[in-house]
Amino acid sequence: MKTLVIGASTNKERYSYKAIHSLVDKSHQVVAIGAKKGMAFDIPIETEKLDFHAVDTVTLYLNPKAQVEYYDYILSLKPRRVIFNPGTENPDFYKILETNNIQYEVACTLVLLATNQY
């Protein structure tokens with residue numbers, strides 16, 4: 001299963017970095033998009049909306065206003081689900097996802113991984 005982290009950071013203190021680390025530790029394939037190119041735990045962070053194939057889960061680390069520019073992109077990837085981490089809750093986007101038959105969860109990726117619910 002491949003996970004796309006949107007809002008990825010090279011800063012080890014950021015939750016997006018910690019999520020990438022946990023995903024890799026649990027043997028998940030990870031791709032990442034962030035504001036700046038760099039590396040997060042050996043995963044390259046891209047700045048462009050690349051056409052990643054076979055994305056199962058998108059996990060968001062962007063505030064709702066910043067998510068708007070990613071709506072069409074996320075829909076185009078046809079993920080099975082989108083995870084809204086704390087602070088990213090977005091009822092407008094939930095409706096769009098529902099209309100497109102994409103599941104969403106309001107949850108913390110780190111907690112899901114730590115409790116084997118991912």
Side-chain angles (χ1 to χ4, degrees):
M1 288 198 315
K2 188 184 295 177
T3 298
L4 168 58
V5 177
I6 297 180
S9 173
T10 58
N11 181 340
K12 292 179 168 90
E13 301 303 311
R14 307 288 297 193
Y15 287 111
S16 61
Y17 184 96
K18 292 175 181 182
I20 290 169
H21 190 167
S22 285
L23 285 160
V24 170
D25 270 358
K26 300 236 181 214
S27 302
H28 290 275
Q29 267 188 291
V30 182
V31 289
I33 295 176
K36 291 186 278 196
K37 273 192 177 281
M39 299 292 284
F41 196 71
D42 297 333
I43 302 296
I45 297 173
E46 304 295 341
T47 55
E48 295 174 30
K49 298 176 183 97
L50 301 180
D51 187 17
F52 294 115
H53 294 284
V55 171
D56 175 77
T57 301
V58 174
T59 184
L60 293 171
Y61 290 92
L62 291 177
N63 70 53
K65 198 180 285 185
Q67 291 170 23
V68 175
E69 72 172 282
Y70 286 93
Y71 288 1
D72 291 340
Y73 172 66
I74 291 169
L75 294 176
S76 77
L77 296 174
K78 297 182 173 40
R80 179 177 61 86
R81 68 175 172 173
V82 175
I83 298 174
F84 291 84
N85 287 279
T88 68
E89 299 87 349
N90 185 347
D92 293 338
F93 198 14
Y94 304 162
K95 290 182 193 126
I96 294 166
L97 292 169
E98 285 172 356
T99 302
N100 286 274
N101 297 313
I102 296 171
Q103 298 171 34
Y104 67 88
E105 283 183 65
V106 178
C108 175
T109 296
L110 288 167
V111 172
L112 293 174
L113 288 163
T115 56
N116 294 318
Q117 297 180 70
Y118 195 82

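Just so you know, these numbers use all the heavy atoms, side chains as well, and skip hydrogens, waters and symmetry mates. These numbers were taken from a predicted model, which means no experiment stands behind them.
Within a 6.0 Å sphere centred on CG of D72, other residues, nucleotides and ligands contribute 12 heavy atoms or fewer.
The shortest heavy-atom contact between S9 and S16 is N-OG, 3.2 Å. Minimum heavy-atom separation, G7 to L62: CA-CD2, 3.9 Å. The two atoms that bring F52 and L77 nearest to each other are O-CD2, 3.3 Å, heavy atoms only. The two atoms that bring I45 and A40 nearest to each other are CD1-CB, 3.8 Å, heavy atoms only. Shown here for A19 and L113, the closest heavy-atom pair between the two residues is O-CD1, 4.3 Å. A pairwise comparison of heavy atoms in A8 and I20 identifies CB-CD1, 3.9 Å as the closest pair.
Side-chain contact annotation: N85 with T59, donor-acceptor N/O pair under 3.5 Å present.
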### Task
Would you check, one step at a time, whether the test side-chain contact (heavy atoms from CB on, under 4.5 Å) holds for V82 with I74?
CA-CA 9 Å; V82 175; I74 291 169; 4.0 Å; yes

### Criterion side-chain contact (heavy atoms from CB on, under 4.5 Å) on I43 and V24, from CA distance to verdict
CA-CA 9 Å; I43 302 296; V24 170; 3.9 Å; yes

### Query
Could you go step by step and tell me if M39 and T10 meet the side-chain contact (heavy atoms from CB on, under 4.5 Å) rule?
CA-CA 6 Å; M39 299 292 284; T10 58; 5.6 Å; no

### Residue pair V58, I6: steps toward the side-chain contact (heavy atoms from CB on, under 4.5 Å) verdict
CA-CA 7 Å; V58 174; I6 297 180; 3.8 Å; yes

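A single hydrophobic cluster is seen to contain both Y73 and V68, as judged by linkage of ILVMFWY side chains at heavy-atom distances under 4.5 Å, directly or through other members. Under the 4.5 Å side-chain heavy-atom criterion for ILVMFWY residues, no single connected hydrophobic cluster contains both L97 and I83. In the hydrophobic cluster analysis, where Ile, Leu, Val, Met, Phe, Trp and Tyr join through side-chain heavy atoms closer than 4.5 angstrom, L75 is grouped together with V31. A continuous path of hydrophobic side-chain contacts links L110 to F41 [ILVMFWY only; heavy atoms under 4.5 Å].
Between F84 and Q67 the shortest side-chain heavy-atom distance falls below 4.5 Å. When side chains are defined from C-beta on, Y118 counts as touching L23, because their heavy atoms get closer than 4.5 Å. Under the 4.5 Å side-chain criterion, counting only non-hydrogen atoms from C-beta, I33 is not in contact with T47.
Of the inter-residue distances, the one linking L4 atom CG with Q29 atom CD reads 12.0 Å to the nearest 0.5 angstrom. Rounded to the nearest 0.5 angstrom, T57 OG1 and L60 CG are separated by 11.0 Å.
Within the structure, salt bridge (charged side-chain N to carboxylate O under 4.0 Å, His left out) contacts touching residues 45-64 (residues at least two apart or in different chains) are K37-E46, K49-E69, D56-R80.
Not less than 6.0 angstrom separates the ring centroid of Y15 from the ring centroid of Y61.
In this structure, Y71 and F93 have parallel ring planes: the angle between them is below the 30° cut-off, well short of the 60° mark.
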Side-chain donor-acceptor pairs of residues 98-106 under 3.5 Å, sequence neighbours excluded:
unit_1, atom_1, unit_2, atom_2, d
E98, OE2, Y104, OH, 3.2
T99, OG1, K95, O, 2.9
N100, ND2, I96, O, 2.8
E105, OE2, R81, NH1, 2.7

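Qualifying side-chain hydrogen bond (donor to acceptor under 3.5 Å, both in side chains) partners for E89, counting only residues two or more places apart in sequence or in other chains: none.
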